[in-house]
Amino acid sequence: MSKDELKLTEQQWDRLALLRSMLRIRRIEEAIAERYAEQEMRCPTHLCIGQEAIAVGVSAVLSRDDVVFSNHRAHGHYIAKGGNVRALIAELYGRSTGCCGGRGGSMHLIDLDVGFMGATPIVGGTVPLAVGSAWAASLKDEKRVSVVFFGDGCFEEGVVHESLNFAALHKLPILFVCENNEFSVYTRMSERQPDRPIYRIAEAHGMAAYHGDGNDVEEVLSIAEAAMDRARNGGGPQFIELSTYRWREHCGPNFDDHLNYRSESEIESGLKDCPIANFASRLELSNILTQSVMDSFEAEFSEEIADAFEFALSSAKPSSKEAGERVYA
Amino acid sequence: MSKDELKLTEQQWDRLALLRSMLRIRRIEEAIAERYAEQEMRCPTHLCIGQEAIAVGVSAVLSRDDVVFSNHRAHGHYIAKGGNVRALIAELYGRSTGCCGGRGGSMHLIDLDVGFMGATPIVGGTVPLAVGSAWAASLKDEKRVSVVFFGDGCFEEGVVHESLNFAALHKLPILFVCENNEFSVYTRMSERQPDRPIYRIAEAHGMAAYHGDGNDVEEVLSIAEAAMDRARNGGGPQFIELSTYRWREHCGPNFDDHLNYRSESEIESGLKDCPIANFASRLELSNILTQSVMDSFEAEFSEEIADAFEFALSSAKPSSKEAGERVYA
Amino acid sequence: MPESGMREITYAQAIREGLDQAMEQDANVIVIGEGVPDPKAIFNTTAELREKYGARRVFDMPLSENGVTGVCIGAALSGMRPVMIHQRIDFALLAMDQLVNNAAKWHYMFDGKASVPLVVRVIVGRGWGQGPQHSQSLQAMFSLVPGLKVIMPTTAHDAKGMLISAIEDNNPVMFIEHRWLHQIKDTVPETYYRVPLGQSKVLHEGDTVTVAAFSHMAVEALIAAKALMSVMGIAIEVLDMRSVSPLDVASVLRSVRKTGRLIVADTAFRTGSVAGELITQVVEQAFSALKLPPARIALPDHPMPTSPFMAEHYYPGPETIVAAVADMLGIDKNSDAYIKLTGLLVREGPHDTPNPGFTGPF
Amino acid sequence: MPESGMREITYAQAIREGLDQAMEQDANVIVIGEGVPDPKAIFNTTAELREKYGARRVFDMPLSENGVTGVCIGAALSGMRPVMIHQRIDFALLAMDQLVNNAAKWHYMFDGKASVPLVVRVIVGRGWGQGPQHSQSLQAMFSLVPGLKVIMPTTAHDAKGMLISAIEDNNPVMFIEHRWLHQIKDTVPETYYRVPLGQSKVLHEGDTVTVAAFSHMAVEALIAAKALMSVMGIAIEVLDMRSVSPLDVASVLRSVRKTGRLIVADTAFRTGSVAGELITQVVEQAFSALKLPPARIALPDHPMPTSPFMAEHYYPGPETIVAAVADMLGIDKNSDAYIKLTGLLVREGPHDTPNPGFTGPF
Ligand SMILES: Cc1ncc(C[n+]2csc(CCOP(=O)(O)OP(=O)(O)O)c2C)c(N)n1
Ligand SMILES: Cc1ncc(C[n+]2csc(CCOP(=O)(O)OP(=O)(O)O)c2C)c(N)n1
Ligand SMILES: [Mg+2]
Ligand SMILES: [Mg+2]
């Protein structure tokens with residue numbers, strides 16, 4: 001399928017690509033969720049289903065040279081930045097062909113070829129690393145921007161404050177992306193933070209800071225685009241807070257609504273605010289998306305996913321003898 | 001000397017007491033500085049000479065039940081809260097009668113009888129402790145307010161961010177007092193923080209925050225009074241940033257202007273902004289302070305100081321045999 | 001207080017009960033941690049506490065490990081007895097400053113004028129791909145800090161009794177739980193009782209080899225001891241160390257003076273482990289009682305790899321202990337008895353879950 | 001690279017020179033720490049580096065130990081070779097999360113795809129009332145973390161050469177300096193040279209007792225060795241361990257196989273010390289070579305009290321080592337020779353300063 005086949009303008013094609021990218025992440029994660037029950041992906045896994053617009057909207061304005069750091073909920077960031085999907089699935093299965101050779105699992109992803117520098121599960125751990133990478137770029141006069149994705153819970157860590165201060169002090173080319181899904185595991189904001197906007201704190205640190213709807217991929221893109229523009233042009237650190245909603249359990253493949261930590265109406269409105277469905281309708285109304293395009297996306301993804309799982313499952317299993325290697329460089 | 005002898009109103013008398021209290025701290029610290037060269041106070045010592053108005057202005061609005069936590073530069077806070085001066089000097093001399101029995105030295109002060117909960121030298125270390133003490137007060141429905149003094153450098157520690165968040169979340173009765181003397185050791189703000197006001201960050205955390213001239217004891221008092229009023233009446237955490245100037249070296253008894261880390265004109269204007277001299281002139285102009293009152297203060301302090309040093313120097317020296325005690329409660 | 005009303009409950013239930021009863025006893029006991037009042041309730045160890053004691057005594061917390069540790073220290077200095085909980089001990093690394101510089105030293109540096117009655121419950125992760133950042137067993141790091149107490153109860157009985165002792169203690173106590181102990185049942189009194197800190201317990205008597213084991217390794221050692229006894233009639237003495245600091249060296253010395261042989265089994269990386277410290281103290285004090293060099297059973301000096309294939313032989317088990325005993329006693333590993341013995345020790349189910357019923361992902 | 005252009009300079013000067021030459025060699029080397037470009041220049045170890053290399057390679061920093069450690073790790077992952085400095089090792093406790101969870105594990109958890117060439121210089125405080133929070137010697141805490149290297153050079157020669165090796169190393173290295181070494185002079189080459197990490201050095205040969213000593217204790221051990229030799233003709237073998245992780249156990253074994261006796265002298269609290277780990281490893285590997293139980297010389301298990309009166313016998317010195325040697329060799333401590341020997345070891349000047357010229361307050 002090409003732009004010309006579909007008779008789309010460049011701009012229409014780009015919009016369609018956003019949908020495609022979100023849908024791809026969703027389908028990959030749904031496949032992970034489905035097959036997780038087989039108990040062959042033996043590692044904690046945090047799905048970003050419902051939050052795809054942030055990874056996609058931000059990554060759409062990144063170039064390959066820009067670098068990304070992420071956290072425990074990293075699949076979407078990794079895929080959106082162009083990470084190798086076979087290596088992702090293989091990593092979940094603990095295979096040698098995984099992006100960490102099996103050493104990391106779902107919570108540790110890396111793909112240096114596309115500037116995905118690393119995701120790790122200690123909350124807050126990668127935030128200063130991203131600042132450090134921006135610092136290196138600035139010291140070496142390299143033009144790349146550093147991006148770090150983290151959650152509303154992460155914002156409570158002192159290291160974030162230290163990172164904001166350092167980035168603002170040295171006017172570093174970095175984009176802080178705070179995905180506010182209102183939850184840290186099962187704990188809502190009201191048990192963790194006072195009632196005030198997160199991004200205003202970043203602003204008070206002396207940087208440009210914005211808030212937006214993280215379920216609207218075009219809003220994300222436009223905020224991110226403006227921020228990246230400023231970051232690339234000496235505007236120093238940028239902070240964007242994006243509201244979103246986590247659909248499934250914090251860790252694991254399932255829905256966990258039976259636990260009653262959120263009300264039915266809250267869940268309902270959360271699911272209604274689907275970044276993919278809403279954007280798909282918008283594209284349909286604009287005559288950019290048709291059922292046949294959608295079908296072809298689905299076909300493409302199910303093939304890609306089948307291939308990735310097959311690749312993973314037919315990949316070599318690392319031996320326990322290798323476990324002691326690579327402790328030191 | 002009494003209010004009636006001097007024919008002063010209650011209010012005039014209170015103003016004079018502020019001067020008296022600042023002068024007392026100054027003279028005690030000058031005596032420490034003078035005798036430090038004898039090498040018998042064998043511990044690192046950070047003087048607050050030039051910064052007395054903050055300790056005095058804030059403490060003037062505290063009751064005995066309110067509790068204070070402090071840092072490495074604690075003498076002024078300790079004295080202003082009513083701490084035992086003999087026990088302070090004895091502590092500097094490492095004697096058994098010191099407020100820590102010699103275990104702590106200048107950087108570790110405590111006087112629980114007057115609500116001085118503790119000062120320690122790991123920067124940032126006591127900030128969350130003060131929050132915890134306010135939390136306890138709130139949980140026990142006790143009416144006291146917790147106060148913590150810290151510097152502009154300390155504000156860079158992540159734990160301050162965590163403390164602000166926790167205090168704001170639980171609306172705790174705490175007063176954060178940031179003494180901004182523009183320096184962390186020899187490092188000025190411009191190498192440590194971007195150009196933006198500190199107190200605005202606290203404000204963004206969702207608390208009342210103010211800035212004022214830390215060398216004007218009456219301004220400090222009025223800001224602190226309003227803040228304590230709010231804190232006592234359910235207004236939650238309060239943050240005040242006060243600008244001031246450190247006259248002497250970061251650690252030790254001397255002036256260190258020969259090191260050239262600050263310009264002559266900066267030093268000159270710093271010294272000109274003397275909280276004591278300026279306030280004394282103001283009181284003279286208002287006919288509250290006379291030379292004879294001043295003389296009687298000086299006489300009183302030199303006697304108190306002589307007594308404290310004599311007490312300290314004639315106190316028992318702890319034995320090295322006791323060094324292993326009190327590791328566990 | 002007598003121990004009565006015995007019944008079988010799990011380690012997790014015993015902790016919950018200990019917390020519950022401590023909160024009942026003393027209104028100053030408060031509980032705080034990420035997830036404490038949530039539906040999973042820290043592996044059900046804090047279930048229903050908020051319902052019972054209210055939101056002013058049972059708290060969730062911001063993701064601010066160092067800050068909230070400081071907050072708890074401040075509260076402890078002001079009359080509260082906080083119990084703080086981290087779902088993984090790895091997160092306590094963020095709070096080292098407050099734990100080591102403040103909690104451990106406050107009583108000392110202020111000449112005993114104040115103390116910090118704080119309990120920090122931390123859980124050592126294992127299995128199901130916990131990986132490098134969620135599987136560390138950091139007791140040695142805390143045990144080298146004077147002023148901290150560090151305990152690792154193994155049984156449900158001791159978990160409850162030692163938790164109560166820790167909460168009543170006026171010092172900061174690191175209460176280290178191994179994730180694989182949570183589901184293990186034991187006979188636990190219904191009453192409020194204390195198990196003293198700093199004392200080991202003999203789990204299995206014997207005169208051939210002393211096996212001093214920490215936490216989950218004591219479970220493994222007991223399996224080894226029973227198998228050795230039943231198949232070969234060899235009696236090893238298993239000590240459940242229970243406390244790391246203070247370390248009950250005296251009991252180990254007593255046992256070693258009888259057996260002349262020592263194996264120390266730890267849940268941590270080999271180098272720098274508490275196992276090493278214990279061996280050194282035994283050597284310093286009872287060198288001549290040792291017939292053979294002591295042996296250390298511990299994790300290899302590298303992080304836990306996430307992949308189950310790679311992690312397969314990462315954790316020592318009863319078979320490791322049996323092999324070390326065999327080496328010390330010169331047992332022929334090709335003998336029928338030994339082969340039968342090791343056959344008995346083969347674990348059912350996957351190596352990376354505590355029991356076959358476990359379905360991930362925690 | 002040959003070592004040439006020898007002259008006497010202090011340990012502090014040697015470090016400064018090592019930094020200077022490493023920065024000259026490799027434009028990716030940057031230096032950051034509280035006070036690095038200030039007039040005191042971290043006890044003069046960073047003097048004039050900013051003047052020479054500019055404000056884009058030599059940085060002061062905000063008081064954000066954990067954050068800036070993370071920033072340095074991120075920079076190291078992106079091609080820089082940062083050297084980070086803390087004026088006291090106690091401050092590194094604030095950065096344990098980044099050091100242990102990230103720096104130490106990054107290479108491993110990402111399958112070797114990236115590495116963290118980071119050097120963290122930290123200084124162990126002593127004397128003049130440093131007190132509980134400014135005098136800790138925390139090498140053991142870092143040494144139990146796989147993935148970190150931990151070194152403690154003793155001489156100016158080794159400080160420079162090992163600093164260069166550490167900067168060239170692709171792993172995170174904790175470079176631990178003892179404050180009392182800074183003023184000690186040694187013969188140091190002018191050239192750029194490396195001293196390998198992980199290897200001890202024989203400071204004094206002998207066949208009676210092996211004394212394996214860390215950092216400043218190696219200085220004390222050498223004094224003890226010379227005195228024992230000159231007064232009593234007793235030759236002890238002093239090993240300057242130089243590295244904590246990797247630990248050069250092989251050299252200690254070699255020496256112990258000759259002497260049959262081992263004393264380990266450490267700068268840290270006794271319990272949980274690296275000294276204990278070394279003893280355990282020697283016992284595990286050369287039990288039968290030991291004629292006597294090994295002895296450990298270390299600090300008592302409590303914080304350093306600030307008062308000079310209380311702190312007086314806190315630190316072991318040459319006299320402690322000599323006494324331990326005497327115990328091992330059965331030397332009569334009432335003999336004239338021994339009394340003469342200990343008389344020689346009496347230190348001039350106050351016990352709480354490194355030399356009589358020191359006037360406080362640092
Ligand atoms: C330092 C640390 N503390 C606690 C945890 C446990 N934990 C893992 S994810 C998480 C929630 C983080 O919330 P948020 O940052 O909002 O991200 P989200 O899961 O909502 O995407 C917590 C508490 C951890 N991994 N690291
Ligand atoms: C965690 C920590 N880092 C560094 C230091 C060293 N240090 C002691 S005081 C100080 C400066 C603090 O500056 P500020 O908070 O502004 O207080 P001031 O000295 O100006 O009163 C520093 C860096 C320390 N004691 N603790
Ligand atoms: Mg969240
Ligand atoms: Mg300051």
Side-chain angles (χ1 to χ4, degrees), chain A residues 36-37 39-46 91-96 98 100-108 120-125 151 153-159 184-188 191-193 249-253 256 258-261 316-327, chain C residues 32-42 50 55 59-68 70 87-88 90-91 93-95 97 125 127-134 136 269 299-315 349-353 358-362:
Chain A
Y36 198 81
Q39 302 211 38
E40 291 191 45
M41 289 176 259
R42 300 179 83 84
C43 58
T45 302
H46 305 76
E91 188 59 33
L92 270 66
Y93 280 98
R95 302 302 169 112
S96 299
C100 305
R103 284 185 156 75
S106 162
M107 308 192 293
H108 306 75
T120 58
I122 292 287
V123 172
C154 178
F155 190 78
E156 296 148 11
E157 294 286 0
V159 77
S184 167
V185 191
Y186 296 108
T187 309
R188 18 180 106 243
E191 299 226 25
R192 303 181 283 116
Q193 298 181 27
E249 58 188 343
H250 165 68
C251 178
D256 60 357
H258 61 285
L259 293 177
N260 286 324
Y261 66 101
K317 297 170 181 170
S319 125
S320 60
K321 297 210 178 65
E322 302 163 47
E325 296 166 11
R326 306 196 176 163
V327 181
Chain C
I32 184 165
E34 289 150 16
V36 161
D38 84 11
K40 299 281 177 80
I42 318 281
R50 180 175 272 190
F59 297 86
D60 213 302
M61 68 173 242
L63 283 179
S64 307
E65 287 79 2
N66 200 38
V68 179
Q87 303 219 15
R88 285 288 176 277
D90 315 68
F91 309 159
L93 287 168
L94 284 87
D97 167 42
W128 200 269
Q130 291 297 307
Q133 293 188 332
H134 280 58
Q136 296 170 87
F269 300 130
L299 304 189
D301 287 322
H302 64 79
M304 186 219 172
T306 302
S307 165
F309 310 113
M310 247 184 204
E312 177 138 23
H313 303 289
Y314 184 69
Y315 291 98
H351 70 85
D352 63 345
T353 62
F358 186 96
T359 58
F362 267 101

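Chain letters run A, B, ... following the sequence lines, proteins first, then strands; residues in each count from 1.
- Residues C:Asp90 and A:Ile122 form a side-chain contact, since some pair of their non-hydrogen atoms from C-beta on lies under 4.5 Å apart.
- Here the straight-line distance linking atom SG of A:Cys251 with atom NZ of C:Lys40 works out to 8.0 Å at 0.5 Å rounding.
- Proximity to chain A is absent for every atom of C:Leu93, based on heavy atoms less than 4.5 angstrom apart.
- Using a 4.5 Å cut-off between heavy atoms, C:Pro300 makes no contact with chain A at all.
- Considering only heavy atoms from C-beta on, A:Pro44 comes within 4.5 Å of C:Trp128 through its side chain.
- For A:Arg95, the side-chain hydrogen bond (donor to acceptor under 3.5 Å, both in side chains) test picks out no residue, with sequence neighbours left out.
- Ranked by heavy-atom pairs under 4.5 Å with chain A, the list C:Pro308, C:Gly131, C:Gly67, C:Ser307 is led by C:Ser307.
- Annotation for A:Glu157 and C:Glu65: closest pair OE2-OE1, 2.7 Å, computed over non-hydrogen atoms.
- Of the listed residues (C:Arg88, C:Met61, C:Glu34, C:His134), the greatest number of heavy-atom pairs within a distance under 4.5 Å of chain A belongs to C:His134.
- The backbone N or O of A:Arg103 lies less than 3.5 Å from a partner atom in the side chain of C:Thr306, making a donor-acceptor pair.
- Contacts between A:Ser106 and chain C at a heavy-atom distance below 4.5 Å are absent for every atom of the residue.
- Looking at A:Tyr36, only its side chain comes within 4.5 Å of chain C, counting heavy atoms on both sides.
- Interface remark: A:Ser184 contributes side-chain atoms only to the contact with chain C (heavy atom separation under 4.5 Å).
- Two residues are said to be in side-chain contact when any heavy atoms from C-beta on lie closer than 4.5 Å; A:Gln39 and C:Pro350 fail this criterion.
- Within the 4.5 Å cutoff, no side-chain heavy atoms of A:Arg188 are placed close to those of C:Asp60.
- Here the closest heavy-atom approach between residue C:Phe309 and residue A:Pro318 is recorded as CB-O, 3.2 Å.
- Partners of C:Gln133 under the side-chain hydrogen bond (donor to acceptor under 3.5 Å, both in side chains) rule, at least two apart in sequence or in another chain, are D:Asn102.
- Residue C:Gln130 touches chain A through both its backbone and its side chain, counting heavy-atom pairs closer than 4.5 Å.
- Contacts between A:Met107 and chain C at a heavy-atom distance below 4.5 Å involve the side chain alone, from C-beta outward.
- A:Cys154 touches chain C through its backbone: at least one of N, CA, C or O sits under 4.5 Å from a heavy atom, while the side chain does not.
- Ranked by heavy-atom pairs under 4.5 Å with chain A, the list C:Ala55, C:Gly35, C:Pro305, C:Ser64 is led by C:Ser64.
- C:His313 contributes atom NE2, which lies 7.5 Å from atom NZ of A:Lys321 (distance to the nearest 0.5 angstrom).
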